[in-house]
Amino acid sequence: MGRLSGKIAVITGASSGIGLRTAEIFLKEGAKVVMADIRQAEGEAAAGKLGTNAIFCQTNVAVEEQVKAMIALAVDRFGGIDCLFNNAGVQGQPGGIEEVDSERFSRSMQMLVGSVMLGMKYAAPYMKKQGSGSIINTASAAGLVTGVSPSIPYCTAKAAVIHLTRCVAVELGEVGVRVNSISPGYIATSMGWPTGVNEDAVMREVYKVEQPIPRAGLPDDIAYTAVFLASDESSFINGQDLVVDGALTAGRSWTDHQHFLARMHKAIEALKKLEVQGAEGRGIMES
């Protein structure tokens, strides 16, 4: 039996990247999956390759009625919903605070935070009724520390997702429904390079030096974390943000810190040498 045998899941942003890989692995682990995405052609093609336990639902997760219909489809076609993975997202506007466009900021918040709220709003009644369920929200290392993303709206939204997750977790946990988030670090997907450059040739090479573990993060790293959170293996985990970043957010790297200490020792030795020379000079003058 698979780790998700008999479970019914809805995964947003499922036509590519993390969402698609998560759908593939959920299906291998025994789940039935509604794959939701705004891109119809790509989504239908992806679902068509994955068999009868996968269906596609074209969904703009920022539109309330479409999110409501997405959840209802899982119930109508498969008989319920055991897991919701709010994974869909977009890159926010880059630049400093003086460059932020208020309309684009609002759109980012609706897409990245509002969509998570809507998904939980419409999944909650079904999960509460059955007394079980797992909601997983994609946050980001950019919501935990600065310097990970160049976008103020994106960082702000992802920080909000983490706290929204906790707020809903303490409510729904009382009726047996768990709510957690995953904060990826640098993951090699097309979202990171929207121009479509080869991720193996560029992203994996660039990202492998950005955290202590010397490789880029991969969609599998997030997908298997989602499997764990969707499964009964994590039945006592609620209101948590699981950081999957190769220690990107842990702090200064060991090697950088050793270089810093070496520079510090060198500066101290130089200062001692100057003090000795100064003392010798004063001695000569006094004599």
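Numbering starts at 1 and runs along the sequence shown. Below, each value reflects all heavy atoms present in this structure, side chains not excepted, and no hydrogens, waters or symmetry copies.
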Are [Y] and [X] connected in a single hydrophobic cluster, I mean Ile/Leu/Val/Met/Phe/Trp/Tyr linked by side-chain heavy atoms less than 4.5 Å apart?
X: Ile213; Y: Val145; value: no
X: Met127; Y: Val170; value: no
X: Val34; Y: Val63; value: no
X: Val244; Y: Val227; value: yes

Between [atom1] on residue [X] and [atom2] on residue [Y], distance to nearest 0.5 Å:
X: Leu218; Y: Tyr186; atom1: CG; atom2: OH; result: 16.0 Å
X: Asn60; Y: Thr12; atom1: CG; atom2: OG1; result: 11.0 Å
X: Asp37; Y: Met70; atom1: CG; atom2: CE; result: 11.0 Å
X: Ile25; Y: Thr22; atom1: CD1; atom2: OG1; result: 6.5 Å
X: Lys158; Y: Asp241; atom1: NZ; atom2: CG; result: 10.5 Å
X: Tyr126; Y: Ile81; atom1: OH; atom2: CD1; result: 9.0 Å

task = Give the intermediate values and the outcome of side-chain contact (heavy atoms from CB on, under 4.5 Å) for residues Lys121 and Glu64.
result = CA-CA 10 Å; Lys121 174 180 178 178; Glu64 184 162 1; 2.7 Å; yes
query = Who are the side-chain contact (heavy atoms from CB on, under 4.5 Å) partners of Ala14, not counting sequence neighbours?
reply = Ile11, Met35
message = According to side-chain contact (heavy atoms from CB on, under 4.5 Å), who are the partners of Gln258, at least two apart in sequence or on a separate chain?
response = Trp254, Leu261
message = Between Ile152 and Ile97, does the side-chain contact (heavy atoms from CB on, under 4.5 Å) criterion hold? Intermediate values first, please.
response = CA-CA 7 Å; Ile152 289 174; Ile97 188 62; 4.1 Å; yes
Which atom pairs, donor and acceptor, lie under 3.5 Å between side-chain atoms of residues 107-120 and protein residues at least two apart or in another chain?
unit_1	atom_1	unit_2	atom_2	d
Ser108	OG	Arg104	O	3.1
Gln110	NE2	Ala62	O	3.3
Ser115	OG	Met111	O	2.4

Just by distance, no angles: are the side chains of [X] and [Y] close enough, under 3.5 Å, to form a donor-acceptor pair?
X: Tyr154; Y: Gln93; result: no
X: Ser235; Y: Arg178; result: no
X: Arg39; Y: Ser15; result: yes
X: Asn87; Y: Thr138; result: yes

Looking only at atom types and distance, does a side-chain atom of [X] sit under 3.5 Å from a main-chain N or O of [Y], one as donor and one as acceptor?
X: Gln40; Y: Cys57; answer: no
X: Glu233; Y: Phe228; answer: no
X: Ser5; Y: Gly2; answer: no
X: Glu42; Y: Ile38; answer: no
X: Thr59; Y: Val61; answer: no
X: Ser134; Y: Leu229; answer: yes
X: Gln240; Y: Ile237; answer: no

key: Partners meeting side chain to side chain donor-acceptor pair (under 3.5 Å) with Glu210 (sequence neighbours left out)   = none
Which heavy atom of [X] sits nearest a heavy atom of [Y], and at what distance?
X: Ala169; Y: Asn238; answer: O-ND2, 3.0 Å
X: Ala188; Y: Ala216; answer: CB-CB, 4.4 Å
X: Ala230; Y: Phe26; answer: CB-CZ, 3.8 Å
X: Ser181; Y: Ala139; answer: CB-CB, 4.3 Å
X: Ile8; Y: Gly79; answer: CD1-C, 4.1 Å
X: Ile182; Y: Ala226; answer: CD1-N, 3.8 Å

request  = Determine whether Cys155 and Val148 make a side-chain contact, defined as any pair of heavy atoms from C-beta on separated by less than 4.5 Å.
outcome  = no
key: Check: Phe105 and Thr156 side chains under 4.5 Å, non-hydrogen atoms   = yes
side-chain hydrogen bond (donor to acceptor under 3.5 Å, both in side chains) contacts in which one or both residues fall within residues 160-176, not counting sequence neighbours = Asn137-Thr165
Pairs touching residues 215-224 that satisfy side-chain hydrogen bond (donor to acceptor under 3.5 Å, both in side chains), sequence neighbours left out = Arg21-Asp220, Arg215-Asp221
query = Does Glu29 pair with Lys7 as a salt bridge, N-O distance under 4.0 Å?
reply = no
query = Step by step, would you call Ile162 with Ser183 a side-chain contact (heavy atoms from CB on, under 4.5 Å)?
reply = CA-CA 8 Å; Ile162 294 169; Ser183 281; 3.8 Å; yes
task = Please name the residue in the list Leu172, Asn180, Val10 that meets the side chain to side chain contact (heavy atoms under 4.5 Å, CB included) test with Ile135.
result = Leu172
query = Are Leu84 and Tyr122 close enough, and set up right, to give a side-chain contact (heavy atoms from CB on, under 4.5 Å), and what steps lead you there?
reply = CA-CA 10 Å; Leu84 168 65; Tyr122 287 104; over 6 Å; no
